[in-house]
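Just so we're on the same page: letters track the sequence lines, and every chain starts at 1.
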There are 2 protein chains.
Amino acid sequence: MGRIAQYDRQAALDSAINLFWEKGYSGSSMKQIEQALDMRPGSLYATFGSKDGLFSEALDLYSERNSNEMSAHLENYESIMSGMEDYLRKLALAFAPGTGTPSRACLIVKTLLEISHRESDLGRQVNRILDSIEERLREALEQAAARGELKRGTDCARLARLLQSQIIGLRSYAQRETSALQVAQLGEDMAAILAGYRS
Amino acid sequence: MGRIAQYDRQAALDSAINLFWEKGYSGSSMKQIEQALDMRPGSLYATFGSKDGLFSEALDLYSERNSNEMSAHLENYESIMSGMEDYLRKLALAFAPGTGTPSRACLIVKTLLEISHRESDLGRQVNRILDSIEERLREALEQAAARGELKRGTDCARLARLLQSQIIGLRSYAQRETSALQVAQLGEDMAAILAGYRS
DNA sequence: TCTTTTTTTGATCGGCCATTCAAGATAAGA
DNA sequence: TCTTATCTTGAATGGCCGATCAAAAAAAGA
C-alpha cells in the first residue's frame, strides 16, 4: 500500500554527485539541486533529510566508486608497483583538460578545502574518507613490499602519504587551464618517482 | 578638504585575506566581512566596489606575499637547488597542523577548486596567478641548470610543473586532520625527490 | 564660522537561501 | 469501490544574501 516512489535513489545521487562535483557544496543551491535531480523539495527532504544529508550520501558514493575503480585497476596487474604507476598515468589521462568530467579536481579534496575549516560532520567525514584511502594505498604498498617489489626498509605508511599527496596535487593541478599533454607529463613524472622506490 | 578615511586599506585587506583564507569565497558573507574589517557596507563598497572586487584584491596581495617570501627565502642560498629543497621543508613546517594560519591549504588553490568551474574574472585571475608562480619556479630552475646544478637535459618547465603540483599536494594534504610530523616527513620526501634531479 | 568635499553610518532593498507543510496524487489491501 | 498508506507537489516560511542610498559626521579651505 502507499504510492510508489518515482525517483531512482541511485540516479538521484548520480545527479547530485555531478552537481556538487562541479560547483561544490556552497555553490550548489537547493533550487539547482531540485532541477538536477528532478525532485521537489518535499521528496528531497523526505529522502535525504537535508542538503547536508544529500551531500554526505553523494560524497560517500563518489568515494566508494573511486576506491572501487582503483581496486579494479590494480587487479589487472601482476606487479603492484606497475599497477600503481599506471594508475597515476591513468588518472592523468582521465582528468586531463578536455575530458567531460564535472570537475578535474577530486570532489573529496574540493570538500576538504571548502568545509574542513569548521567543526562539522562533513569535515569529519571527508577526513575519514581520506584516511581510508591512504590506508588502502598503504595496504597495497605493503603487499608490494612483501612481494619484494620495494626497496628493503621502505616505510609504506610514509610512502602512502606521499602517494596520496601526489594524487591530490595531480588532480588539483589538472583543474587549471592547462593542456592534456602537460597533465599527462605530470602523471608520467609521478609514475617515475614512484618507480624510484622499487627494489 | 573632505573627511579623512578611517580605515587602513592594507589592514583591511589583511583581515579580508584571513577571513577568505579560512572560510573561502562563498563561505564568507558580507556580514562577516563587515565585522572582520570593521567597516560598514557603504565604506566597503566605496572602497572595493563589490565582494568580488575585495576578494580579487585580497587574492592578489596574498599571492604577491607568497611570491615575495619564496624569493626572499631563495636569496639566502648559494645553491638554488638547496634553497628549493629547503623551501619545501619550510612549507611543511609553516603549514603543519598546530600552526596558527587561517588555513593550512593555499588560498590560491582553495579558490581554484572553489570557483574555477565558472567563466569568471576570479577564475581567470587564479589561473593567471598560478601561471606566474610556475613561471617563477621555472626561472629559478633554469638558473640552477645554468649553474650546472641540474642533470643535463632536464626539462625545467616540466620540472616546474611537477614542483608546483607537489606544493599543491603538500599544502592540501596539510589541511587534513593529521600530525605535524607526518607533514614534515612529506616535505622531506618531496625535497628528496627534487634532489633526485640534481646533477 | 560657513561652505565644500569626502567618508561613515545604518536602515533598507529585492531576491534567493534552506526548509516546512498542507493538499493532492497514486499505489496496494480490504 | 473504499480505505489506508505513501509519495509528490508547489506555495509559503523566516532569514540571510549582496548591494544601495540618503542622511549624518568630519575634515579642509574660504
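Distance A:Glu34 CD to C:dT19 C1': 10 Å, rounded to the nearest Å. Counting to the nearest Å, the C1' atom of C:dT7 and the CG atom of B:Asp38 are 14 Å from each other. Following rounding to the nearest Å, B:Lys23 (NZ) and D:dC16 (P) show an atom-to-atom distance of 14 Å. The interatomic distance linking A:Leu54 (CG) with C:dA18 (C1') rounds to 13 Å, in whole Å. Put simply, CE on A:Met30 is 20 Å from P on D:dG15, counting in whole angstrom units. Separating the CE atom of A:Met39 from the P atom of C:dA18 is a distance of 16 Å, rounded to the nearest angstrom.
Proximity of residues 40-52 of chain A to DNA chain D (heavy atom under 4.0 angstrom from any strand atom) is restricted to A:Arg40, A:Pro41, A:Gly42, A:Ser43.
Heavy atoms only, all atoms of each residue included: B:Leu170 and B:Ala92 are closest at CD2-N, 4.1 Å. Listed here is the closest heavy atom pair of B:Leu74 and B:Ala140: CD1-CB, 4.3 Å. Closest non-hydrogen pair, A:Ala174 versus A:Arg104, comes out as O-NE, 2.7 Å.
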Might you list the N or O atoms of the protein lying below 3.5 Å from N or O atoms in nucleotides 23-26 of chain C, with each pair's distance?
from   : atom 1 : to     : atom 2 : distance (Å)
C:dA25 : N3     : A:Arg3 : NH1    : 3.3
C:dT26 : O4'    : A:Arg3 : NE     : 3.4

N/O to N/O distances under 3.5 Å, protein versus nucleotides 13-16 of chain C:
none

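A:Glu78 is linked by a side-chain hydrogen bond (donor to acceptor under 3.5 Å, both in side chains) to nothing, counting only residues two or more places apart in sequence or in another chain. Residues that satisfy the ring pair (Phe, Tyr, Trp, His ring centres under 6.0 Å) test with B:Tyr25, not counting sequence neighbours, are B:Phe55.
Sorted by first and then second residue, the pairs that involve residues 83-118 of chain A and meet ring pair (Phe, Tyr, Trp, His ring centres under 6.0 Å), not counting sequence neighbours, are A:His73-A:Tyr87.
Within the 4.0 angstrom heavy-atom criterion, no nucleotide atom of any strand lies near A:Ser26.
Applying the 6.0 Å contact sphere to CD of A:Gln35 captures no more than 12 heavy atoms from other residues, nucleotides or ligands.
In the model, B:Gln175 has a side-chain atom that pairs as donor or acceptor with a side-chain atom of A:Ser116 under 3.5 Å.
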message = Set out, in order, the CA-CA distance, both residues' side-chain angles and the distance that settles side chain to side chain donor-acceptor pair (under 3.5 Å) for A:Arg136 and A:Gln164, then state yes or no.
response = CA-CA 10 Å; A:Arg136 179 75 189 76; A:Gln164 180 166 66; over 6 Å; no
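In this structure, B:Glu135 pairs ionically with B:Arg138, as a charged nitrogen and a carboxylate oxygen lie closer than 4.0 Å.
Proximity of B:Lys23 to B:Leu19: side-chain heavy atoms (C-beta onward) are separated by under 4.5 Å at one or more points.
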